[in-house]
Amino acid sequence: MTGRARPTRRRPRTRRRIAVLLLCALLALVLVAGLAVTSKAVLDPTIDSPARVDGIVVVAGADDDRYTYARHLAEEGMADSVIVSAPTSGTATRPPYSWTIGAQCATGTLQARDGRRIDVGCFTPDSDTTEGETTAATRIAHERGWESLLVVTYWGHVSRVRQYFEQCFDGDVNVTDTPRPLSKSRADALLHETGGYVKAYLSPAC
């Protein structure tokens with residue numbers, strides 16, 4: 001009788017092991033699929049190039065050419081307003097980056113070649129994060145009656161910026177990177193942006 005009882009005891013254990021293995025395999029597939037989607041979003045984002053928008057938003061983050069590029073786009077006719085995020089703490093407030101932002105804030109207005117007057121101003125984000133930049137910029141856009149905007153950032157940040165602005169802004173959202181890429185490795189960008197990109201899905205800014 002003892003010999004007959006052993007197979008009966010092993011069956012539930014075998015079934016549990018199979019269930020655990022199947023669950024692990026499923027989780028692995030979900031993880032791989034998620035990493036593939038995130039990798040594409042970070043490393044190969046969709047870049048927009050609209051002909052015209054109501055305003056251009058420059059998010060902070062690095063002392064690259066995003067500020068110069070935003071002004072160039074406005075001067076070429078894409079928009080008549082440029083607003084620049086000016087955080088109150090963190091990396092963006094340290095020289096020489098803070099000098100770059102300060103120079104942008106001091107601009108006031110630009111005169112385009114076609115005679116248009118381009119307003120250039122800075123805003124303080126609600127918090128020194130991408131979410132805080134998004135909510136503050138969106139509020140300004142609504143106050144000014146903007147129905148479309150272009151956000152300028154670096155290539156690895158494009159998809160996360162798009163995600164946040166689409167959560168908060170009910171108009172047409174466009175996002176672009178800059179002609180001169182930020183000196184950041186693809187591995188560093190993927191590591192840094194993956195957590196933020198997932199957070200943008202799980203914890204919406206608006």
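Keep in mind that the numbers below use all heavy atoms, side chains included, and drop hydrogens, waters and symmetry copies.
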Novice: With sequence neighbours excluded, tell me which residues meet side-chain contact (heavy atoms from CB on, under 4.5 Å) with Ser89.
Specialist: Asp128
Novice: Where do Val151 and Leu149 land on the side-chain contact (heavy atoms from CB on, under 4.5 Å) test, with the steps shown first?
Specialist: CA-CA 7 Å; Val151 189; Leu149 52 81; 3.5 Å; yes
Novice: Asp48 and Thr176: side-chain contact (heavy atoms from CB on, under 4.5 Å), yes or no, with the steps?
Specialist: CA-CA 5 Å; Asp48 300 317; Thr176 189; 5.6 Å; no
Novice: How would you list all residue pairs meeting disulfide (SG to SG under 2.5 Å) that involve residues 75-143, not counting sequence neighbours?
Specialist: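 Matches after skipping sequence neighbours: Cys105-Cys122.
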Novice: I need the full list of ring pair (Phe, Tyr, Trp, His ring centres under 6.0 Å) pairs touching residues 122-147, with sequence neighbours left out, sorted by first then second residue.
Specialist: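 Qualifying pairs: His142-Phe169.
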Novice: Going by salt bridge (charged side-chain N to carboxylate O under 4.0 Å, His left out), name the residues that satisfy it together with Arg116, two or more places apart in sequence or in a different chain.
Specialist: Asp80, Asp114
Novice: Report the C-alpha distance between Val59 and Thr130 in whole Å, list the side-chain angles of each, state the deciding distance to 0.1 Å, and finish with yes or no for side-chain contact (heavy atoms from CB on, under 4.5 Å).
Specialist: CA-CA 8 Å; Val59 297; Thr130 304; 5.7 Å; no
Novice: Using the test salt bridge (charged side-chain N to carboxylate O under 4.0 Å, His left out), find all partners of Arg113 that sit at least two apart in sequence or belong to another chain.
Specialist: none
Novice: Rounded at 0.5 Å granularity, tell me how far CD in Glu133 sits from CZ in Phe165.
Specialist: 7.5 Å
Novice: When you compare the side chains of Asp65 and Thr178, does any donor N or O come within less than 3.5 Å of an acceptor on the partner?
Specialist: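 Asp65 vs Thr178: donor-acceptor pair found between side chains.
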Novice: Tell me, please, which residues at least two apart from Asp126 pass side-chain hydrogen bond (donor to acceptor under 3.5 Å, both in side chains).
Specialist: Thr135, Arg139
Novice: Show the numbers, then the answer: is there a side-chain contact (heavy atoms from CB on, under 4.5 Å) between Thr153 and Val175?
Specialist: CA-CA 8 Å; Thr153 185; Val175 188; 4.2 Å; yes
Novice: Apply salt bridge (charged side-chain N to carboxylate O under 4.0 Å, His left out) to Glu131 and list each qualifying residue two or more places apart in sequence or on a separate chain.
Specialist: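 Residues passing salt bridge (charged side-chain N to carboxylate O under 4.0 Å, His left out) with Glu131: Lys199.
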Novice: To the nearest 0.5 Å, what is the distance between CG (Asn174) and CE (Met78)?
Specialist: 8.0 Å
Novice: Which heavy atom in Ala70 sits nearest to a heavy atom in Val152, and how many Å separate them?
Specialist: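 Of all heavy-atom pairs spanning Ala70 and Val152, the closest is CB-CG2, 4.2 Å.
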Novice: Go through the structure and list residues passing side-chain contact (heavy atoms from CB on, under 4.5 Å) with Gln167, not counting sequence neighbours.
Specialist: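 Only Gln163, Tyr164, Pro204, Ala205 meet the side-chain contact (heavy atoms from CB on, under 4.5 Å) criterion with Gln167.
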Novice: Is any side-chain N of the basic residue among Asp177 and Arg66 closer than 4.0 Å to the acidic one's carboxylate O?
Specialist: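 Looking at Asp177 and Arg66, the cut-off is not met.
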Novice: Among pairs that include at least one residue of residues 48-80, which meet ring pair (Phe, Tyr, Trp, His ring centres under 6.0 Å), considering only residues two or more places apart or in two chains?
Specialist: none
Novice: Please examine the side chains of Ile101 and Pro87, heavy atoms only from C-beta on, and report whether any two atoms are closer than 4.5 Å.
Specialist: yes
Novice: Quick check: closest heavy atoms across Thr124 and Ala136, and the distance to 0.1 Å?
Specialist: O-CB, 3.8 Å
Novice: Among residues at least two apart in sequence or on other chains, which ones pass side-chain contact (heavy atoms from CB on, under 4.5 Å) with Ser148?
Specialist: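 side-chain contact (heavy atoms from CB on, under 4.5 Å) list for Ser148, sorted by chain: Val53, Asp54, Asp172.
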Novice: Can you hop from Val120 to Leu73 via hydrophobic side chains spaced under 4.5 Å?
Specialist: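 Yes, same cluster.
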Novice: What heavy-atom pair brings Pro125 and Ala86 nearest, and what distance separates the two atoms?
Specialist: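 That closest heavy-atom pairing would be CD-O, 3.7 Å.
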Novice: Can you find a pair of side-chain heavy atoms, one from Val84 and one from Val82, that are under 4.5 Å apart?
Specialist: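 Side-chain contact under 4.5 Å: yes.
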Novice: Taking salt bridge (charged side-chain N to carboxylate O under 4.0 Å, His left out) as the definition, give me every residue that meets it alongside Asp119, ordered by chain and number, with sequence neighbours left out.
Specialist: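 For Asp119, the residues satisfying salt bridge (charged side-chain N to carboxylate O under 4.0 Å, His left out) (neighbours in sequence not counted) are Arg117.
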Novice: Between Leu150 and Val57, is there a shared hydrophobic cluster once you connect ILVMFWY residues whose side-chain heavy atoms come closer than 4.5 Å?
Specialist: no
Novice: Please, which pairs that meet disulfide (SG to SG under 2.5 Å) have at least one residue in residues 44-84, sequence neighbours excluded?
Specialist: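 Passing the test, one end in residues 44-84: no pairs.
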Novice: Taking C-beta and beyond as the side chain, do Val58 and Ile83 meet within less than 4.5 Å on heavy atoms?
Specialist: no
